[in-house]
Protein chains: 2
Amino acid sequence: MRTLAIQRKAVKRSTGTDAPRRASRRGKGRAPLSKEQILRAATLVADRDGLGAVTMRRLGQELGVEAMSLYHHVTNKEEVVAGMLELLVSELPAPDAGDWKATIRARALAAREHLRPHAWAFRLIANAEGVNLMKHHDAVVASLRAGGLSRQLTHTAMHVLGNRTFGFSEDLFLGDDHGHRRVQEILREVRQGKYPAIAEALQGVHHDDDLEFIFALDLILDGLERARDGEARDARTTSPVRDA
Amino acid sequence: MRTLAIQRKAVKRSTGTDAPRRASRRGKGRAPLSKEQILRAATLVADRDGLGAVTMRRLGQELGVEAMSLYHHVTNKEEVVAGMLELLVSELPAPDAGDWKATIRARALAAREHLRPHAWAFRLIANAEGVNLMKHHDAVVASLRAGGLSRQLTHTAMHVLGNRTFGFSEDLFLGDDHGHRRVQEILREVRQGKYPAIAEALQGVHHDDDLEFIFALDLILDGLERARDGEARDARTTSPVRDA
DNA sequence: ACGCGAAGGCTTACACTGTAAGTCGGTATG
DNA sequence: CATACCGACTTACAGTGTAAGCCTTCGCGT
């Protein structure tokens with residue numbers, strides 16, 4: 001047994017890989033390494049080089065550790081990615097403005113700022129679950145109900161709002177420069193007249209993502225308020241459920 | 001050179017792979033194979049086994065061809081995936097109802113039906129571009145403008161509508177059974193009281209994705225119409241641009 | 001003081017991915 | 001008839017996630 005191991009080692013050494021002793025031996029007791037450390041490292045890598053660069057080997061390298069060692073702290077890569085998002089979402093600010101509309105608005109804008117440096121999160125959040133994510137949604141639901149929306153309308157409201165409560169809508173231009181370049185490309189095509197209606201609509205409209213996001217959000221919130229204030233009837237009579 | 005090749009072949013043959021002559025030789029002139037064929041095959045695979053099963057080798061196998069042969073018709077896998085979506089979108093029905101609201105509504109619902117068997121498309125469409133996709137958007141913009149919305153409001157409208165014009169909102173429950181199972185899991189947690197506000201709001205609300213989609217869509221369309229009819233002023237005075 | 005069991009690293013190996021580079025047979029064109 | 005080229009095939013490679021097993025070191029019960 002033992003001899004076998006030694007043999008293998010010897011073989012490996014002769015196979016050519018020089019400098020076999022990594023400089024990783026740090027101090028004496030090696031690094032403790034925790035799940036959170038891994039997630040922080042992953043976040044850093046994703047911020048710098050994109051989500052595609054988050055790879056077990058890369059993470060190990062970033063932490064001065066072999067890839068497989070990570071599996072003592074996470075069960076698989078999926079958990080890493082999910083964890084990154086959960087960590088981020090758990091740190092979302094949750095400001096309280098006065099009424100429900102102001103609160104939801106404030107939180108969306110705060111989330112927008114919070115997530116801005118982490119473009120990868122946008123792509124992830126769409127299909128994610130996770131406790132902190134659900135807590136966020138729970139808070140929004142609470143606000144809506146406190147604002148006097150019916151259960152049914154609250155349900156609809158969540159659908160309409162979508163991920164906007166996290167501070168973004170799902171357009172093309174996701175923060176990274178790759179997406180940015182593609183938008184430029186499309187704009188050029190528009191100017192060439194391939195999409196006449198878009199070209200017409202774009203005339204004189206000065207584009208500001210932040211402003212546009214706020215417009216859209218306000219339009220939705222106002223729409224919800226109006227739906228609450230009575231004419232919830234007409235569009236809703238087809239619904240099999242009626243509640244207060 | 002030539003001898004070298006022969007040598008290599010000899011080596012390979014001795015290496016063990018029996019049955020080297022594939023039965024793929026079809027008829028005599030081999031199959032023509034086109035990009036569209038590849039895309040159709042890819043769509044079929046994705047429909048059956050999910051987008052993750054779409055792999056060059058798998059596609060080749062599906063078409064009775066080696067993986068590398070595909071590269072004579074597409075430049076890389078990215079183009080395959082983009083092509084799948086473009087093909088699907090190019091086949092979207094574009095019904096014309098009377099006014100702009102009815103038309104957009106009808107198209108969204110038609111798209112919903114059209115895309116329903118292709119769950120993978122939902123995930124893709126969010127970050128995609130492509131000519132046919134843009135044409136779809138162009139048509140929506142045209143409808144909005146024809147409906148009397150200002151350029152600025154049209155802009156906002158596109159943000160608010162997002163991918164809803166393709167017949168879906170970006171919730172968790174993407175058609176595939178994997179997502180379905182996760183929703184069940186979350187519902188169980190809700191019932192366990194982890195998310196009290198959601199639990200409260202869910203009482204007595206009977207859930208129907210299609211109905212809910214329509215509610216949300218109508219709420220948005222009505223909101224847009226109201227914004228058009230005048231009070232576009234108050235929420236919009238902050239905008240640097242004013243147009244008719 | 002000691003032994004030992006587990007924690008947490010490391011190594012190897014494997015199946016699978018996309019794709020670069022080169023080979024080769026047939027068919028259409030000079 | 002010769003040739004060029006198209007469209008298939010073959011081989012090879014680097015990079016992915018991760019299963020399985022090995023080795024060292026530390027903390028703790030006896």
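Below, chain A is the first sequence line, B the second, and so on; all start at residue 1.
Rounding to whole angstrom units, CG of residue B/L63 and P of D/dG7 are separated by 15 Å. Atom CG of B/L59 and atom P of C/dT17 are 11 Å apart (whole Å). Whole-Å rounding puts the A/Q61 CD to C/dC10 P distance at 13 Å. One interatomic measurement links the two molecules: OH of B/Y71 to P of C/dT17, which rounds to 12 Å at whole-angstrom precision. The distance between atom NZ of A/K77 and atom P of D/dG15, rounded to the nearest whole Å, is 15 Å. Rounded to an integer number of Å, the gap from CG of A/L70 to P of C/dT11 is 14 Å. If you measure from atom NZ of A/K35 to atom C1' of C/dG8, you get 17 Å, rounded to the nearest angstrom. In this structure, B/M68 places its CE atom 10 Å from P of C/dA21, rounding to the nearest Å.
Geometrically, A/R112 engages A/F213 in a cation-pi contact, judged by NZ or CZ lying under 6.0 Å from the ring centre and within 45° of the ring axis.
Here B/S69 reaches the OP1 or OP2 of D/dC9: one of its side-chain N or O atoms lies under 4.0 Å away. OP1 or OP2 of C/dG9 has at least one side-chain nitrogen or oxygen of A/H73 nearer than 4.0 Å.
If B/H72 and B/M56 are placed on DNA chain C by their nearest nucleotide, the residue sitting closer to the 5' end is B/M56. Where A/T75 and A/R58 meet DNA chain D, the nucleotide closest to each residue was compared, and A/R58 sits on the side nearer the 5' end.
In this structure B/A199 satisfies the side-chain contact (heavy atoms from CB on, under 4.5 Å) test together with B/V190, sequence neighbours excluded. With sequence neighbours excluded, the residues that form a side-chain contact (heavy atoms from CB on, under 4.5 Å) with A/D208 are A/H206, A/D210, A/L211. A/E113 is linked by a side-chain contact (heavy atoms from CB on, under 4.5 Å) to A/R116, counting only residues two or more places apart in sequence or in another chain. Remark: A/I214 engages A/R105, A/L109, A/D218 in a side-chain contact (heavy atoms from CB on, under 4.5 Å) (not counting sequence neighbours).
Minimum atom distance to the side chain of A/E66 is reached by C/dT11, of the listed C/dG18, C/dT11, D/dT18. Side-chain proximity of A/V65 to D/dC9, C/dC10, D/dT18: nearest is C/dC10.
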Dump every N/O contact between nucleotides 3-5 of chain D and the protein below 3.5 Å, one line per pair.
none

Step by step, would you call A/T165 with A/H137 a side-chain hydrogen bond (donor to acceptor under 3.5 Å, both in side chains)? CA-CA 8 Å; A/T165 63; A/H137 281 139; 4.7 Å; no
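Put simply, the side chain of A/R57 and the base of D/dG15 share no donor and acceptor less than 3.5 Å apart.
A salt bridge does not link A/R181 to A/E185: none of the charged nitrogens lies less than 4.0 Å from a carboxylate oxygen. In this structure, A/R48 pairs ionically with A/E62, as a charged nitrogen and a carboxylate oxygen lie closer than 4.0 Å.
The stretch residues 43-55 of chain B has no heavy atom under 4.0 angstrom from DNA chain D at all.
Checked by atom type, the side-chain pair A/T75/A/E79 shows a donor-acceptor distance below 3.5 Å.
Heavy atoms from other residues, nucleotides or ligands lying under 6.0 Å from CD of A/E91 number more than 12.
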